[in-house]
Q: 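Mind having a look at this structure? Questions to follow.
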Amino acid sequence: MSLLSVYFIRVSVPEPAQTRFDLEQGPERCSRRFLFNASVVSSGLESGVVNHPSRHSTYGTIYSDSRCFRLCLHTLATIDPMTVRTRFAPSPTGYLHIGGVRTALFNWLLAKQAGGQFLLRIDDTDAQRNVAEALQPILNGFQWLGIDWDEGPTLDGLSSKGPYGPYFQSQRLELYQAAADKLLETGHAYRDFARPEELAAQREEAEKAGKTFIYDRRWMASTPEQAAEFEAEGRNGVVRLKMPRDGVCAFNDLVRGPVEFEWAAEQDHVIQRADGTCLYHLASVVDDYEMKITHVVRAVEHLSNTPRQIFIAQSLGYALPIYAHLPFVAEPGGSAKLSKRKLAAYLKNKDFAGLFELGQNIAKRTGLSTSLETFNPVIVDFYQTVGFLPDAILNYLLLLGWSLDDSREAFTREEMIQLFSLDRVNKAPASFDIAKLVSFQSRWMNSTELDTKVALCMPYLKAAKIVGEQPSEEEVAHVGKVVAAAGDRIKVAGDVLDYDDFFASDETLVFNPADVDKRLKADPTAVGYVKKYREVLSSIESFDVATLEQSLNQFMEAEGIKFKQIIHALRVALTGKSVGFGMFDAMAILGKQSCLARIDRAMQL
RNA sequence: GGCCCCUUCGUCUAGUGGUCUAGGACAUCGCCCUUUCACGGCGGCAACAUGGGUUCGAACCCCAUAGGGGUCACCA
């Protein structure tokens with residue numbers, strides 16, 4: 001079995017025209033930013049094609065000059081940037097994990113940047129359930145986030161679009177079968193008749209001895225006769241990879257640099273089950289090839305799967321894709337992988353619990369029944385329901401493991417696409433920080449146009465039955481005023497529900513008892529001023545902010561009092577609460593009639 | 001346990017041998033603004049995991065140790 005030759009080159013002067021390289025034969029560690037994957041074409045080290053996938057990307061030939069190599073830039077690329085094809089391959093699990101979105105985002109960015117294609121492929125080789133249904137939240141999530149796929153399932157999850165379809169693995173079984181057959185034919189795989197419990201026993205034994213388990217191929221059937229013999233014993237056959245037992249598997253990872261694994265430590269993985277169905281690794285390699293994927297960018301959990309996939313690919317005669325393994329997204333405040341199964345523990349995190357509670361409240365008000373399983377900050381649906389902005393989420397996720405420089409944090413989609421590069425992706429896991437996510441959301445929300453904000457908030461008001469399904473023009477205008485006055489207090493669209501007191505009828509407005517006690521009952525003087533000021537209000541014709549402000553100023557001057565001597569009582573009287581918008585904004589929104597009616601009601605309390 | 005990986009403020013990160021008494025952001029604390037809340041402004045606290053080397057000089061290169069994590073399926 002011939003190994004891919006990988007050499008690593010260190011560049012000393014990153015100048016375009018006359019760059020010098022020191023050639024080293026991997027796996028020496030050096031800064032990955034100066035690492036290039038060189039597939040050396042000739043047998044010696046005289047020349048080769050250099051694939052330099054960084055920002056100052058170029059491709060070229062290296063020529064030997066004893067220990068030094070010169071890169072001559074070619075305008076022609078080995079990999080035409082336009083052919084960059086990346087993919088995200090979710091299983092139809094019924095939800096879209098926030099960590100998965102980060103992986104998908106990086107893939108999407110890479111493809112968009114190069115003008116290539118991003119595809120979605122559904123890894124449902126093991127699917128027991130209704131795939132279209134379990135796919136829906138995933139497809140919805142990507143659609144909502146604006147991560148569009150050039151090829152993959154249709155929006156309804158029922159069929160495929162794109163030239164290399166179908167994009168459901170469950171519909172490509174013949175392809176995998178053919179690949180398995182070929183592997184068998186060429187001797188890269190074998191039929192095996194071991195029983196699971198027999199292997200488990202051996203595995204346990206190896207672990208006890210502190211050694212890597214290596215299957216001794218005891219039940220490998222080399223001939224049809226032998227296979228028949230095993231079958232006569234009542235054994236079921238699977239197909240296993242016949243992995244090399246010496247040498248190393250070396251490849252260059254765009255994030256992790258040179259990587260090496262001992263072949264001998266690799267298992268003879270099963271690629272086809274006893275029932276004839278094929279497994280993920282085979283399917284994945286076949287599909288990546290058939291779908292012409294150029295860059296396999298996935299989470300680091302898959303790093304240790306790469307040797308077996310390389311083995312499959314090379315055995316099948318495929319050219320290898322470029323690999324990049326992203327660090328995983330870690331749990332809030334921890335370093336373990338973020339997992340949907342550990343929600344109870346995350347709920348002990350203050351920020352996580354806070355956001356979760358906010359979501360619960362909004363869901364309750366909008367009449368949405370939720371369960372922890374399907375509605376929590378690990379799942380993308382949650383953010384959509386609560387009213388986050390896709391741009392904010394993408395912006396935050398972009399910075400989880402990637403940075404541009406020492407200061408810049410805000411990126412629009414266009415900027416992300418333009419500036420993203422794999423060579424600035426970190427190796428260490430990054431923990432998911434809810435507070436920072438929320439901070440990005442606030443920033444993005446604050447820079448959103450009023451009309452857009454109103455449109456974002458409207459569905460919440462409708463769902464909570466605060467405005468009608470078909471709001472009248474006045475209603476829409478009223479919402480506009482409230483949202484404008486709320487300003488940056490609305491951080492997520494669902495926050496608009498906090499201002500329902502501007503929609504309540506004057507008769508049903510609920511007064512917060514604690515605020516009433518503190519600002520009205522405990523302060524009769526203030527109440528007296530409010531009563532007096534009510535008379536001033538009743539004579540005002542035009543209820544706009546400027547007039548109102550002027551009237552109160554005159555009133556205070558006449559009474560010889562300060563703002564704070566009346567404002568708190570007035571606020572509680574008008575809105576039922578002691579916190580809220582600017583006072584004059586609030587009065588202008590309510591209008592004269594409501595203001596008077598509410599003061600009258602408050603005075604009865 | 002085997003194999004592999006990771007390690008800079010609480011968190012995300014900048015950092016590629018001298019520009020580092022280590023920069024930015026979030027969080028936090030204080031002050032200012034103020035009409036409550038929110039925003040905003042200013043400032044403070046706060047990190048190179050440890051130990052050895054190499055070097056005139058190490059956050060950066062090498063080696064150990066420690067800690068953390070990933071992965072070891074007829075799952076994906």
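Numbers restart at 1 for each chain; the letters A, B, ... are given by sequence-line order, proteins then strands.
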Q: Counting just side-chain N and O atoms, does A:N426 come under 4.0 Å of either OP1 or OP2 of B:U13?
A: yes
Q: Is the distance from OP1 or OP2 of B:A73 to the nearest side-chain N or O of A:R273 less than 4.0 Å?
A: no
Q: Do A:R443 and A:F440 meet the cation-pi criteria used here (NZ or CZ under 6.0 Å from the six-membered ring centre, within 45° of the axis)?
A: yes
Q: Okay, side chain of A:D124, backbone of A:S170: is any donor-acceptor separation there less than 3.5 Å?
A: yes
Q: For A:G580, answer base if it contacts any base atom (sugar-phosphate contacts may also be present), sugar-phosphate if it contacts only those atoms, and nothing otherwise; contact means non-hydrogen atoms under 4.0 Å.
A: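 If one applies the 4.0 Å heavy-atom cut-off, A:G580 turns out to touch a base.
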Q: What's the closest nucleotide to the side chain of A:L279 if the choices are B:U71, B:A76, B:C37?
A: B:A76
Q: Look at A:R203 and B:A73 and indicate whether a side-chain polar atom (N or O) is within less than 4.0 Å of OP1 or OP2.
A: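 It does, given that an N or O in the side chain of A:R203 lies less than 4.0 Å from OP1 or OP2 of B:A73.
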Q: Would you say the ring centroid of A:F502 lies under 6.0 angstrom from that of A:F581?
A: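 Yes, ring centres under 6.0 Å apart.
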Q: With the stacking rule set at 5.5 Å and 30°, tell me whether A:H325 counts as stacking on B:G70.
A: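 By the stated criterion, A:H325 and B:G70 do not stack.
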Q: Considering only B:U36, B:C3, B:U35, which nucleotide approaches the side chain of A:V579 most closely?
A: B:U36
Q: Between side-chain atoms of residues 202-212 of chain A and protein atoms elsewhere (two or more places apart, or another chain), which donor-acceptor pairs fall under 3.5 Å?
A:
none

Q: Under 4.0 Å: is that the gap between some side-chain N or O of A:R424 and OP1 or OP2 of B:G15?
A: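 Answer yes for this pair, as a side-chain N or O of A:R424 is under 4.0 Å from OP1 or OP2.
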Q: Output the single nucleotide from B:C3, B:C74, B:C6 whose closest atom is nearest the side chain of A:V238.
A: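 When the side chain of A:V238 is considered, B:C74 is the closest of B:C3, B:C74, B:C6.
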Q: Consider the side chain of A:F328, meaning its heavy atoms from C-beta on, and name the nucleotide among B:A76, B:U11, B:G69 that approaches it most closely.
A: B:G69
Q: The side chain of A:K491 is closest to which nucleotide in this list: B:C74, B:U35, B:A38?
A: B:A38
Q: Is the distance between the ring centroids of A:F352 and A:F432 under 6.0 Å?
A: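 Ring centres of A:F352 and A:F432 not closer than 6.0 Å.
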Q: Which letter, B, S or -, goes with each nucleotide of nucleotides 20-28 of chain B from 5' to 3', with contact meaning a protein heavy atom under 4.0 Å?
A: ---BBBS--
Q: Between A:S403 and B:A14, is there a side-chain N or O to OP1/OP2 distance below 4.0 Å?
A: yes
Q: Which of the following nucleotides, B:C74, B:C4, B:G68, is nearest to the side chain of A:S335?
A: B:G68
Q: Does the base of B:A76 carry an N or O that pairs as donor and acceptor with the side chain of A:H281 under 3.5 Å?
A: yes
Q: Can a donor-acceptor pair be found between the side chains of A:R273 and A:T277 at a distance below 3.5 Å?
A: yes
Q: Considering only side-chain heavy atoms of A:H568, which listed nucleotide, B:G69, B:U36, B:C3, is closest?
A: B:U36
Q: Once you apply a heavy-atom cut-off of 4.0 Å, does A:K337 come out as touching a base, just sugar-phosphate, or nothing?
A: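 Sugar-phosphate, no base atom in range.
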Q: What nucleotide, of B:G1, B:U13, B:A38, holds the atom closest to the side chain of A:D488?
A: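 It is B:A38.
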